[in-house]
Structures are given as structure tokens and as C-alpha cells.
Protein chains: 2
Amino acid sequence: MDRLPTIEDVARAAQVSRQTVSNVLNTPAIVKPETRKRVEVAIRKLAYRPHASARRLRMRKSSTIAIRLDPMTNGISGALLDRFLHALTEQADARGIRILLFTAADPAAEIEQIRKLRAGADVDAFVLTATFHGDPRTEWLVENDVPFVTFGRPWGANDMNNPKHLWVDVDGFAGMREAAIHLIDQGSSRVGFVGWPSLSGTGDDRRRGWQAAVEERLSTSDDDLAALNLSVEDRLEDARDAVVALLESDERIDGLVCASDTLALGAMIAAASVGRSDLPIIGFDNSPVGQAIGLSSVDQTLDEVARGALELLLGETGGDLVHRDAAAGDTRHRLITPHLVIRQPLRLLAPDAASTPTATKSAVGNHKNGKETQ
Amino acid sequence: MDRLPTIEDVARAAQVSRQTVSNVLNTPAIVKPETRKRVEVAIRKLAYRPHASARRLRMRKSSTIAIRLDPMTNGISGALLDRFLHALTEQADARGIRILLFTAADPAAEIEQIRKLRAGADVDAFVLTATFHGDPRTEWLVENDVPFVTFGRPWGANDMNNPKHLWVDVDGFAGMREAAIHLIDQGSSRVGFVGWPSLSGTGDDRRRGWQAAVEERLSTSDDDLAALNLSVEDRLEDARDAVVALLESDERIDGLVCASDTLALGAMIAAASVGRSDLPIIGFDNSPVGQAIGLSSVDQTLDEVARGALELLLGETGGDLVHRDAAAGDTRHRLITPHLVIRQPLRLLAPDAASTPTATKSAVGNHKNGKETQ
DNA sequence: ACTCAGGATTTGAACGATCAAACTTTTGAA
DNA sequence: TTCAAAAGTTTGATCGTTCAAATCCTGAGT
């Protein structure tokens, strides 16, 4: 056989008509069991699969969701989108939906891309990431009636409980609060926070989580609260420098929670460099680097985020687009609770008793090394 | 207008026939300029774009390439696939090709997925990553005549210059050699190598690069060469422990090149912990973490890899699949030369003179800190 | 035996584009 | 002026599927 088998080939092989084969595939219930079996055998024998483009043309839907792969390799947590993408692809696959990628340098270019993909009937719906305050994309999409869901809640004007669009987000408040409470439960009595300047809604949300935990469990004065609250850009050096300063100005600090793993790593370096490598630190994002270095972190459970996104777009089970108005009231968004991952930190400065290194042949050999480089 | 405009709508608006509109889009040359202009206006006015599925059905090709998004978040260099994906998507977009994602837990599952995508005529060709010795996927693909290209050369049996399939790869030898030579040029006279156990062809390739540089430029004895050559698994701790041992056993080492940024980071930590935080170290992959921490590294220039992959599959310019046999002799693969990125390393242990930290309001304030924590 | 409802199956049309061939107009040379 | 070739445009068929309507079959009720 030169070309791929068509529904007609199957029909011929099973001695039935096109439509019966189609029915076996789409509405098996209405086909007589006997006939159905015969068709199924033919399908298997020919290794037939319906031609996706033909089906899409007829059905007037593409069963495809597009997502922008943005160039932001924003430092350490960059792999976040990567992991989300993976989760999304898996969930989508289970529903018979495909994930298409596109790129765009800026929001305007992204809108243009979306317009093209829509106009070519290439894509049914979109997933937007990294939304921000006053995002032109969401406005445009709403206006042009394009189905979409955002990863990230609308921080701006409209009411979170009745927004203009579907969204999924991670509950940064709950996550950061859990992290802080964990430290307090482990004996910390003075827990600081390293976050971002308060432009980002995400950062503020996480900050409030820390604040809630401290106010709830510790008797930290308002002045102290302000002193324990750092705001720096999401860069290793900035975090390191700020934390060095903080630790030197306040010896009693015995715990830190951070709005990202980047900041947490900076904090670890800072702690080590001022001889506090025992300081418990918790980050956010559960990035690969964090994992490699034994950093405890708040994991975003991207599987659930992805599942939530698809459920909002397509409904609980099927692969069909839910009409916007049908997705009623409180089901129009999902707030996912992240969970804390506790790890044994890798001491940056004091490699104690190298735990069975796997150096082989040409390695010089392993030996104990208990030297405290403090 | 309820539905999207079709070619017929445009034809009506421009007072021509379907086919003429089609010609304006696909073979503008054969349309009389006057008519063409009229059609183009109509196209713009209606914001018409050809229906992708209809076109694909008729043309019997999907203009889509699929790639597996695998779950490997392998530590620090994990973002590599992410970056490759981005480059690939951009290059593909320029050719009017779309990138589709899929997942699979293991090679067998991946083959099954590929089979499905092919049978559904969803995808024209595949890009395979993380190929390994005796990979069942490449065998299957070759046997079943599925067009594909691998990122990673075939290390196994068949001749590299006449392999059974198309491939693109990064020249690890050249990259590692350049790195080592750079260190030597900067004054290093005893340069070690941290790599992986010699199962991986990639690792050996990089090792040979270091070896070539050292033999070429330095008079290191064979015994020394063996002693300077570490092999550990791609884990931070393992690298750290092995490098600590190495540095303690040989004081004269004044440079290290590593087969990955993960290993390099481990080496940096090791160097710092034995008071050698000045030791120049170069990694491989140019990962985001490396960037964040100021690690010099060999960058894989994934743009070129992506371009190469597409050129092999689709030819220099167009979007059409090149017939396998047409891609003659030496154009059946690409070996991309990576380039070295030199950075000012962030001292892990001695944050000297915090360079204008951007801590704001609630930060305690910045101050000089020259303490050497040796 | 005859009708009718209902289920099971088949047939013709449509989705929106391109290809191949037919048709119409223009061009240029005799 | 005439005609053939070239250029420009249109028409009918097709890609592989599903929808809508038509047809065929089966068995129950009169």
C-alpha cells in the first residue's frame, strides 16, 4: 500500500460502508455488536487511524491548543515553563488534544501570532503564561472572543472571583505560609523573607503568606517585621548581598523563606559566606538547581495547574470546547495549593564526609574530609 | 460574518474565481499584476488566511514536525532542551512549519506515539533528542521510512560520515579544546578535566578535546594526564567530592574544564571549600544557572543546531520535505562548532565589596564587606 | 399477510483548499 | 486580416472525513 489506509479501505475490508466505520469510531453504541467487531478487526489489520486534517476540516475544530514558548530563561527558575509544558502536553494527550508551540518577541507580536493561528483555524484555544498587570493580550483575546486560559491570575482591575477570563494559578500565599510555618515548627523564632519589589502581584502574594505565618505564630513586632522583609530583583548577586547585610545586622535570624529559588540560592551563598551555613532556607518553584543543591522549596504542582487549565477550557472529561458562558460562576478559575518539598541541604562550604562519591578509574580516590571551612 | 472567510468569499469580493485567489497566494507570478492587486486588497479586507486543515488535506502534508518533550529535568543543564525547543520553534515558524509536542515515558512508548502521529497524518517528520547507543527509535524510524533527524550523532555501529539517518550535533571536541586552550592562554599550565564515565560518546568526545589541547600546548606526562582526568556521574555532590580530592592531592592544578555546568558548579564549590576560589573553571552547556553564577561555559549555539536540523529535513529554503536520497553525501549531517562564553565568576565565598546591591526600602541597607572567608 | 415503528446501514453533500484540464483573452508574426 | 502560441482565468474533480437524509431490514401488533 502506497498511501495511508483511508476509512474507505477499512469499509471495503469489513464489507460495510464508510459511515458505519465512522460510527464504530465515534458512536459505537449505535452499531450492531456483530458488525462492530468485524470493523474493529479490519481497523486493526490495516492499522487505520483517521486522517487528522480531514477530520478537523469536517468538524470545524482543530483539537489543538497553542502556547507561547517565550525566550525567558529567567535564571534558575526558568525550567518552570518547561515543566508546565510537559505536564500540559501529557494531560492534553490524554484528551486527544495536541499542543502547538509558537514564539513571539513581545506582546504585540504574540497577538499577531495568535491572530494568524486563529485565522488559519489551526488552533482552538490558547494558554497564556506570564501574564502581567494590564496585559494587552488578555484584553485583545476577550474582545475577539478567542477561547483562552491564563496561568496566573488577573492581578489587575477586575474582580478575582468574577474575572473576564478563565485562569489557573498557584496559591503563593498558602505556599509561603506553609514554608514559614514549617520553619517555625522546626524551632525557628525569627524568620525573614526575601522577595521582589512590590510591583509583581505574585511577589506580594507570597510576601503576605510569610507575614501571615509570622503574625500568627510568632510575636514579631511591626518594626521587626519590616526589618526582616527584603525586596530585591530576582538575581543571585542581589539576593546574596542583601542577605549578607541582613544577617550581619541581625544575629538572631534563624530562618529565611524566599519568593524564588534564585533568591534562595543567593541567600544560601550569603549565609555560607558569613558562617551561617546551617541557616534553614526555603525557596519557591522547586527548580532543578534547587534539587541539585538540596534546597527545600515550595513546589508548584504543575500537573494540577495543567489539569486545571484544560478542565476550564474543555470541561471535566471531553475534548470539546466549553462555551464560555456555560462555564458557570465559581468554576471559572482554579487556585492550586502548592506543597512544600523538604530536602537535606548540600552544605556549600563544608563538604562533610563525602558520601560515597562515584569517582571511577582515573579519579584520584575518595577520602574523608571533615574540615570545617568556617 | 459568522464563520471564517473562505477562499470563495475572497474570490467573490475580488470578482475572480477560487483558483485565481489560490494562485495569488501560491504562485503570484502567473497572475496578471492588475488582478493580483485586486485580490490582495480583498484578502486584506476580509483578513483572510487559508484554512490550514483544508490545505493540508489537499496537499497531503501537514507541515508539522513533532518533538518529544521528555521529562528529564536533568539537573542544571535541563533547560537545554527548552532552549533548543525555542530555537527550533523560531526557525520553523520562519518556514511556515509548526512544532507539535508529545510525551512518552520510554522509547517503546515514544515509538508508539510516533506511529500514531504518523498514521493520523498529523506530522511529516520528527526530531529526536537524547539519542543513545543502539537506540531502538532510530532503527524503527529508518525501517518504517519515517523522515527524521536526530540531535546527537549516531555513536554506534554505522559510519559517522555515512549514517543511516540525518543528524545534527555539537562538536564537543572542538568546544572543550577551545576551553582548555583559553585557560592555557590565560596562563594555566596544569589543566584538569571533569567528565563522565566513558559510556557516553558525548562525554568521551569532550574528554578528547581537553586531551588534545593539553597534549598540544602543555608538556603533561601521560601519568599526569591520567591523574588530571576525573570521571563522575553528572551530579553536583559527586563532582564536588572528586574535585576536592583532586585539588588536595595536587596543589599545582591551576585550571579545570568540565563536561557540563553541573560538574563545573560542583567543581566551583569544591574549589571554594578548599580555599581555591580563584581557580579558573569552565563548564559546558552555558546553562541559566551558570549564567546566574558567572560561570564561563561552552555554549551549544542551539540556533544553529535548530537551523541545521530543519535544513537537513526540509532543504535550504523551502518548507518541503527533502526526499531522503536527494540529500546527498556530505550534506546528510551537520557538526556545529560551539563557542566559548567567558564570564566574570561570582565568588562563592568572598563577596567582596557588594557591587551596588539593589535592595530597597525594607532592606537593612548595603555596606562593604571585605571579609575573606577562607 | 400487512402495516408500521424502530434500529441498522447506506448514500449524497459538504468542509475549504489545490490540481489538472478546459476555456478565454492577449500577443506577435505571417 | 488571420491564426497559432502564450498568457490568464475558470471549471470540475479530489483529498478523507462527518453530517443529514434516505434506504433497508427486522419484528411486533392488528
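Everything numeric here is computed off the predicted structure, so don't read it as measured data. Throughout, a chain's letter reflects where its sequence line sits, starting with A, and its residues are numbered from 1.
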Distance-only polar pair, side chains of B/Asp124 and B/Ser62, donor-acceptor under 3.5 Å: yes
Any idea how B/Phe84 and B/Phe151 line up, ring-wise: parallel (<30°), tilted (30 to 60°), or perpendicular (>60°)? tilted
Below 4.0 Å: OP1/OP2 of C/dC15 and any side-chain N or O of A/Arg60: no
Which pairs, with at least one residue in residues 30-41 of chain B and sequence neighbours excluded, count as a salt bridge (Lys or Arg N to Asp or Glu O under 4.0 Å)? none
Looking only at side-chain N and O atoms, does A/Thr35 come under 4.0 Å of OP1 or OP2 in C/dT9? yes
Integer-rounded Å distance: D/dC25 C1' and A/Glu34 CD: 14 Å
Looking only at atom types and distance, does a side-chain atom of B/Asp135 sit under 3.5 Å from a main-chain N or O of B/Phe132, one as donor and one as acceptor? yes
Of all the nucleotides listed (D/dG8, C/dA17, D/dG16), which has the minimum atom distance to the side chain of A/Leu57? D/dG16
Distance from B/His165 atom NE2 to B/Arg137 atom CZ, nearest 0.5 Å? 10.0 Å
Using side-chain hydrogen bond (donor to acceptor under 3.5 Å, both in side chains), reason through B/Asp93 and B/Thr89 one step at a time and then give a plain yes or no. CA-CA 6 Å; B/Asp93 191 62; B/Thr89 306; over 6 Å; no
Length of the CZ-P vector between B/Arg36 and D/dG8, whole Å: 10 Å
Is there a donor on the side chain of A/Arg58 or the base of D/dT18 sitting less than 3.5 Å from an acceptor on the other? yes
When the distance from NE2 of B/His51 to C1' of D/dG16 is rounded to whole Å, what number comes out? 14 Å
Quick check for you: to the nearest 0.5 Å, what is the distance between B/Leu335 atom CG and B/Glu304 atom CD? 11.0 Å
Can you tell me the distance, in whole Å, between the CD atom of A/Glu8 and the C1' atom of D/dG16? 9 Å
C/dT18, C/dT9, C/dC15: which one has an atom nearest the side-chain heavy atoms of B/Ile7? C/dT18
B/Ile30 atom CD1 is separated from C/dT18 atom P, nearest whole Å, by 12 Å
Bend angle of the helix from C/dA1-D/dT30 to C/dA30-D/dT1, end axes from five pairs each (to 10°): 60°
Distance check needed: C/dC19 P versus B/Arg55 CZ, whole Å only. 9 Å
Rounded to the nearest 0.5 Å, how far apart are CG of B/Leu101 and CG of B/Leu85? 5.5 Å
Those residues of residues 11-27 of chain B lying under 4.0 Å from DNA chain D by at least one heavy atom: B/Val16, B/Ser17, B/Arg18, B/Gln19, B/Thr20
Using atom CE of A/Met59 as one end and atom C1' of D/dC19 as the other, report the distance to the nearest whole Å. 11 Å
Supply the atom-to-atom distance B/Asp169 CG to B/Thr150 OG1, rounded to the nearest 0.5 angstrom. 7.5 Å
Nearest whole angstrom, please: distance from the P of C/dA17 to the CZ of A/Arg56. 15 Å
